[in-house]
Each structure stands twice: as structure tokens, then as C-alpha cells.
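Right, one structure below, let's go through it.
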Amino acid sequence: MSSFRHIGKHPNVLQLEACKTLKQIKQIHTQMLINGLFKDPKMLGQFVSSIALKQPNYIDYSIQVLQHWKRPSLVALNSLMRAHCLISEPCRSFYFYNRIVNSDHNLRPDKYTFTFLIKTCSQLFVEKTSLAVYGCVLKYGFDVDPYVRSSLVSMFAELGLLGFSKKIFLEMFEPDFVTQTAMVSAGAKLGDLVFARELFDRMPTRDLATWNAMMAGYAECGKAREVFDLFRLMQFAGVKVNEASVVLFLSACTQLGALDHGRWAHDYIEECRLRMGVALGSALVDMYAKCGDVDKAMEVFWSLKEKNVYTWTSAMGGLAMNGFGNECLELFAHMKHEGVEPNEVTFVSLLKGCSVVGLVEEGQRYFELMRKVYGLQPSIEHYGCMVDLYSRAGRLDEAFSFINSMPIKPHVDAWGALLNACKIYKNKELGELAFKKIRELKGNDHGTYLLLSNIYAETKNWSRVENVRRAMNAREVSQVTKVRCCSVIEVNGEVHGFFGGDKSHPRQAEIEEKMAEMSQRLKLAGYVANNNPVLFDIEEEEKENTACEHSEKVAIAFGLISLNEGAPIRIVKNLRVCSDCHVVTKLISKMFDREIIVRDRNRLHHFKDGECSCNGCW
DNA sequence: TTAGGGTTAG
């Protein structure tokens, strides 16, 4: 008998945990009833918590069982709260919390109750309730429990309340490494990377989750190089990486357009036989697509055994970014056929797909579909896509009336899309209006002034160009909001960044020599640099050195001198490609017989044989 | 018999 107690769980409970179907669970339940096991009230608690823990998808059955039980135990109710967090139905866990606090048999919430209740609040993203729960924690005195504190640190991080997380953490006497990891994650994700890194460096014990938390913070804040460094350090420290680490490594590759690093990660996944789950698969598809290798992205996509809405949306977004709008729409049809439910993000990708190939009517249809058929409320992002759709297609009046009919206040990007289109389609009146609206929303933004100036220049309205220029100088616009242009290129597994006007690269002399050759050959080909001093572009005011100054041109020159003959040049740029660079890159692709792939803020441009895949509309 | 930290798409 004593040995039986040591085994812990009753054999029927063990059987219960191994069940695959509801039918099997019911059979075991019946057997337990026949065996009279439920005469012991603890056994009913064990039944409920076992299902909650091991079979959360069949939680409703254990709730049915619970209904016949007048006095459920605290453990059973706690377990049910946990189960509902597990199956992402956190709302229902409040019901069990209420049963505990309003019970007629003197139940009192314990530290377990609060960890589950805190988890519930994290999932529901409810600030007021979370603060109320924190109040209850203090009232019941569970703020001394390390598990409860640890959960609170995470909950406040989830809500974006870093101050609360820090306060709770710093008040702890000796936080253990799990709580420290939660704090590293909170600090890093909410932008306090210095605090997070200091804590990370000071930690006497770290495990895989700690490393991943720090890397996730860097990835979230766009610090891709730091992700690479940490990944290397991690391997150097002998920590075995897992799927999450590689997902983060891949997201860094995607940010930088570092295809070689990404390919290495792909080989590494296969070598280490990491499980290709939905997160890893989606990250891989996203990486290949955003690095400009759509064929490989789709090859990986179709080879994946597990796909979810993230995977499909990544592939659709990748196709759209690379200009394959029709293929994006086809993939959406395929996804529906597979029974995968689209979400808001899927529709962003879909509308972008319509936009890149000018499918205005289809876009309108999908925009309606998302509301009427899928019950999804369009966000500012979808409205922005619609404005972009009309604008790119040259239907500026429709874009304008669409903005005016929006039920939510149009944001800067919506007006920005219209302003950009006004430049392409040389519409001065609407351009002025869009400019005015952007100024109201954003203040004196450098790029916006440049676009307006360009619209005047395109319509040969030189006096107005001068006015804009004067206004810019008077208001010191360029000093405040000018974003420094940067282009990144990966060569032999090393990532090189070039800033506009920066001449600090160790191979600067060779780069300049190649750029001189580029200029020479461009001239011979009949290209005249766009030296019009009044025509600005998005990144530089000074046009004298247009053909040489912009960062992507420097990156292209570097690519030409350092990559193998015939290897494609892949560049990622933080701003949009200006029209002059676009012309130059087309010519270079032909003259040097090189495929050049440039990812700008908006999309990918595949330059080959003097043509670009965007067909001049971006 | 129930606890806390780390992963993907805009």
C-alpha cells in the first residue's frame, strides 16, 4: 500500500492522460465511476487537473463533470484556470476565479491561483484588470512569492508597462534566473536594451531561454548585427541552440538581407535536424522572399509539412513585395481551399499583391470580403493599402475620395502614398493638398518637403520649387527629420553598411575607382546625371554628385569589386530608391551584365539587362 | 493532483 502511494497517480489517471480521443476519456471516466474511485473527493480533483494539464482540448468534458460536484477543490479550480490559458480561452478563467472567491466552503485563492490569474491578464491584454489583479496580489500578500512576482514582471511587460516590471523586479531580494530572464526579455522588448544587456551580462546562470530572450530583444529593436554576435557567442559558450534561436537568427538575416547567413541557417537546421515547425518554416520562407530569392522561398514553402496562417501570409507578402501580385492572389485562393482562415495581416499582404500589379477592382473586392465574409475590421493599415492601390494605378481622384470617406482619421502614410503618386502622375493640386495634410499630422518633415518640391519641379514650376526650398531652410526642416540613408550588402558572409556620404570603408580607394569607372561608362552610354539643382530627391538635397553619392551606388560599386564574377548583387536600403538611382541601376545591370536586387523601404527591385521588375512604379 | 522566462507574417 505504501509503495502504491509513492507511485503517486492512480493507474486510471495515467490512462486518462494518455487518451487520444474524447471517447477514450469517457470510457476511462466510466471505469473510474464503476470502480467507485470518486468516493474519494481528492480523486475528482485529480481527474479534473489531469485533463486540464494533459488534455486541455477536452477541458469542456471535465467542466461537465465538475458541474455535478458541489464542492470543487482549489486544485481543480486552479487547474481549470490554467487549462483555459493553455487553450487560449483566458476569459473563462475568471469564472473559476469567481467560484474560488465566492465559494460557500471557504476556499481562498492561493499563490497558484494568482500565477494563473496573472497569465490570464497577460493573454487578455487588459490594463485596468491587470492593475486590479496586482492589487489583489498585494491584498492577499502573495507578492512575496517568487513565482507570482516573476509572472507579474512578464504581465506588465506584455502590457508595455516597463516601469511596473522593473519596480517589481528591483524590489526582489535575490531574483532567481527565471525571473531575471523575464526581466531581460521585458527590458529588451520594450526598448531598454542597455538595462537588459547589463542584467544579461551580470547573470551568474543563463540558460537557452535567457539567450533567446536577449536575442529576441535585439531582433525586435532592429539590432540584427547584435543578434548575429549573440548567436555566435552562444555557440562559443557551448549552449545548444534550439528552433527559437534559429528563428531569431533568421529574422536578423531578413532584416539585413543577409542571404548567405540565411542559407547557412537553412543548412544548419538540416544538419542539426531541428524540427521544421510553423515558426521556423515561416521565418525561412520570409527570409528567402525578403532577400529576393522568391523561387527558393516558394520551394521551401511547398516543402513544409506544417503551415499556418503565418506561413501562408509570409509567402503571400513575399510574392507581393517581389512584384508577383497575381501569384499572391492565387496563393490566397489556395490557402482558402486548404481551409486556413485568413486574418488581418493576410489581407494586408493580399491588398499589396493587388497594388503591385494594379488590380484595383480585385483589391476593392477583397477589401469588402474581409469585412463581410470574414468579419475582420479593416485597420488603418488596410485603408493605407487601398489608398496606395488607387494611387499607384493613377486613379488619384478615387484615392482622394477614398481618404475622405475613411471612418478613421487618415494617417500620414495614406496621405504619403497619395503625395508620392502625385509626383509620379504630376498632379500639382492634389499634391499640395496632401502636403498640407501631412504637415498637419507630422510637422515639418524633410522627406515630405522634398516630395512637394519634386512635384513642382516635375511640373516645371520653378518659382514654387524655390519657395519650398526657402521654407525648408527657414524652418530648418532638413536638420530635424532627415533620415540618413543606408545601404547594406553582404559579401563573403560579412555584412557591410554604407551611409550616404560616408567614406570610411577600408576599401574606399578601390570603391571610388570603380565608381569613376561606373560614371565613365554611364556617360559613354549617353546617361546624363540628373544635375538639375532644383530637383531634389528623397535622401539628398545636393544633386551635384548624384551619380556617386547615394549609398546604394557605393554598395553596388563595392559589390562589383568584391563579389565573384556574375554573382548577383543584393542590397537592402532603409529609404526608397530615388528615380535617378533607379535609372542608373538599370543601366549598370546591363553594362556590367549583373543582376542587381535592391530591397528598399517598400519593395524589391530586380534589375536585369537594363530593366527593373517594378516597371517604374514604386 | 495545479505555478514563473525564450520563436514566425504587416
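Every chain is numbered from 1, with letters handed out A, B, ... down the list of sequences.
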Any [X] side-chain nitrogen or oxygen under 4.0 Å from OP1 or OP2 of [N]:
X: A/Lys119; N: B/dT2; result: no
X: A/Lys54; N: B/dT2; result: no
X: A/Arg82; N: B/dA3; result: yes
X: A/Lys290; N: B/dG10; result: yes

* To do: Give a yes or no answer on whether the side chain of A/Glu243 reaches the backbone of A/Arg275 with a donor-acceptor pair at less than 3.5 Å.
  =>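 It does hold such a pair.
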From [options], nucleotide with atom closest to [X] side chain:
X: A/Ser49; options: B/dT1, B/dT7, B/dG5; value: B/dT1
X: A/Ser151; options: B/dG4, B/dG5, B/dG10; value: B/dG4
X: A/Tyr112; options: B/dA3, B/dT8, B/dA9; value: B/dA3
X: A/Ala216; options: B/dT7, B/dA9, B/dG4; value: B/dT7

Checking all strands, does [X] fall into the base, sugar-phosphate, or nothing category for heavy-atom contacts under 4.0 angstrom?
X: A/Phe177; result: base
X: A/Ser50; result: nothing
X: A/Ser314; result: sugar-phosphate

* **Presence of donor-acceptor pair under 3.5 Å, side chain of A/Asp145 and base of B/dG4** =>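 For A/Asp145, whose side chain was compared with the base of B/dG4, there is no donor-acceptor pair (under 3.5 Å).
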* Classify the side chain of A/Thr210 and the base of B/dG6 as holding, or not holding, a donor-acceptor pair under 3.5 Å. =>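 By the distance-only test, no, there is no pair.
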* Just how far, in rounded Å, is P of B/dG10 from CG of A/Leu376? ->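 In whole Å, B/dG10 P lies 17 Å from A/Leu376 CG.
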